[in-house]
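Accompanying notes for the structure given below.
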Amino acid sequence: MNERKIKGDTTMRQLPELTLAEKLAHTGFIFLVGLGLLVAEAYVYLTVGGLDGKPGLDKQDVIISYYGNRSASKLQTVLPTMMGYAAMPAGERPKMQETIDHWVANGQSKTEYEHAVKPLIDANCLKCHSVAMSQQLHNPPLVSYDDVKAVAKVDTGMSYTTMLLTGMVHLTMLGVIFWIAGGIFARARFPMAFKAVLIILPFIAMTVDFSGWFLTHQNPAFVWLVLIGGALSCPIALLEMFLSLIQMWFLKPRPSQAQ
């Protein structure tokens with residue numbers, strides 16, 4: 001049997017040369033994981049966007065998420081977004097904001113909480129902040145006086161424990177996704193240097209993003225690490241998967257080589 005000539009990565013079967021079963025397995029992975037990454041991007045847009053009181057996701061929203069709004073409490077910072085999620089009528093929102101602001105500024109007394117704050121929270125917030133829903137959505141519960149008082153402290157952004165827990169999930173899950181997506185893309189018909197750059201970028205970007213969480217928590221000037229890392233991690237992986245899908249189904253296999 002003659003040995004196949006080795007030049008670059010020509011010994012590896014390229015995407016158009018995979019069997020139908022392999023193509024279907026890779027395509028299923030790309031569709032489901034690609035959809036999952038898009039949903040994750042939408043989740044970030046909906047949960048972080050608007051924290052500064054303005055529509056859309058911008059740099060200030062990311063700063064508030066990790067550094068906080070240290071001129072106000074966590075409750076006051078996220079209240080505009082919470083009222084939007086609760087579909088609270090626009091005409092009733094100023095009253096709730098004023099009530100919360102007054103309660104926080106005057107020492108968060110239990111008496112004022114029971115008479116003024118609790119009825120508003122019970123009517124508008126418990127769909128997402130009951131004990132059960134808080135466990136599912138990882139939101140702080142707002143059921144009792146102690147629950148609400150805990151989020152009425154000065155907003156210092158995401159806690160270290162939350163960042164570590166979130167980081168553990170993100171790094172593990174995305175590391176596996178980037179590895180599999182990179183393995184598929186390695187079979188694409190592109191120059192080796194181009195493939196190497198696209199394969200390694202998501203891993204580097206996610207590391208930069210994760211480091212940026214902790215640095216931004218200390219100094220908002222580091223928010224650019226989060227923005228750059230986020231822009232180059234999942235979007236690059238999605239690009240890899242898209243290009244792989246196109247080549248897998250629309251390019252012709254190379255002429256067969258003698259074995």
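Every heavy atom of this structure was used, including side-chain atoms; hydrogens, water molecules and symmetry mates were not. Nothing fancy with the numbering, it's 1 onward along the sequence. If you're wondering where the values come from, they're calculated on a predicted model, not measured in any experiment.
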Is there a chain of hydrophobic side chains (I, L, V, M, F, W, Y, each step under 4.5 Å between heavy atoms) that links [X] to [Y]?
{"X": "Phe250", "Y": "Leu20", "value": "yes"}
{"X": "Leu251", "Y": "Met241", "value": "no"}
{"X": "Met163", "Y": "Leu165", "value": "no"}
{"X": "Val33", "Y": "Met173", "value": "yes"}
{"X": "Leu174", "Y": "Val169", "value": "no"}

Has [X] got a side-chain atom pairing as donor or acceptor with [Y]'s backbone, closer than 3.5 angstrom?
{"X": "Asp61", "Y": "Asp58", "result": "yes"}
{"X": "Glu92", "Y": "Pro89", "result": "no"}
{"X": "Thr172", "Y": "Met168", "result": "yes"}

Should [X] and [Y] count as side-chain neighbours, where that means a heavy-atom distance under 4.5 Å?
{"X": "Tyr113", "Y": "Gln108", "answer": "no"}
{"X": "His129", "Y": "Val143", "answer": "no"}
{"X": "Asn124", "Y": "Met83", "answer": "no"}
{"X": "Ile121", "Y": "Met96", "answer": "yes"}
{"X": "His102", "Y": "Glu98", "answer": "no"}
{"X": "Lys59", "Y": "Leu227", "answer": "yes"}
{"X": "Ile64", "Y": "Gln60", "answer": "yes"}

Determine whether the side chains of [X] and [Y] contain a donor N or O and an acceptor N or O closer than 3.5 Å.
{"X": "Trp249", "Y": "Thr27", "value": "yes"}
{"X": "Ser233", "Y": "Asp209", "value": "no"}
{"X": "Ser159", "Y": "Thr161", "value": "yes"}
{"X": "Gln14", "Y": "Arg189", "value": "yes"}

### Message
Counting only heavy atoms not in Phe194 (residues, nucleotides, ligands), do more than 12 fall under 6.0 Å from its CZ?
### Response
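Enclosed.
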### Query
Would you find more than 12 non-hydrogen atoms of other residues, nucleotides or ligands less than 6.0 Å from Phe31 atom CZ?
no
### Query
Under the criterion side-chain contact (heavy atoms from CB on, under 4.5 Å), which of Leu243, Ile30, Leu24 is the partner of Met248?
Ile30
### Message
Taking the ring of Tyr67 and the ring of Phe222, is the distance between their centroids below 6.0 Å?
### Response
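Ring centroids of Phe222 and Tyr67 are no less than 6.0 Å from each other.
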### Task
Kindly assign one of parallel, tilted or perpendicular to the pair Tyr160 and Phe214, based on the angle between their ring planes and the thresholds 30° and 60°.
parallel
### Query
Should the ring pair Tyr145 and Trp103 be called parallel, tilted or perpendicular, given that the plane angle runs from 0 to 90° and is split at 30 and 60?
perpendicular
### Message
Please report the interatomic distance CE(Met133) to CG(Leu142), rounded to the nearest 0.5 Å.
### Response
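Reported to 0.5 Å precision, the distance equals 12.5 Å.
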### CZ on Phe29 to CD1 on Ile177, rounded to 0.5 Å
6.0 Å
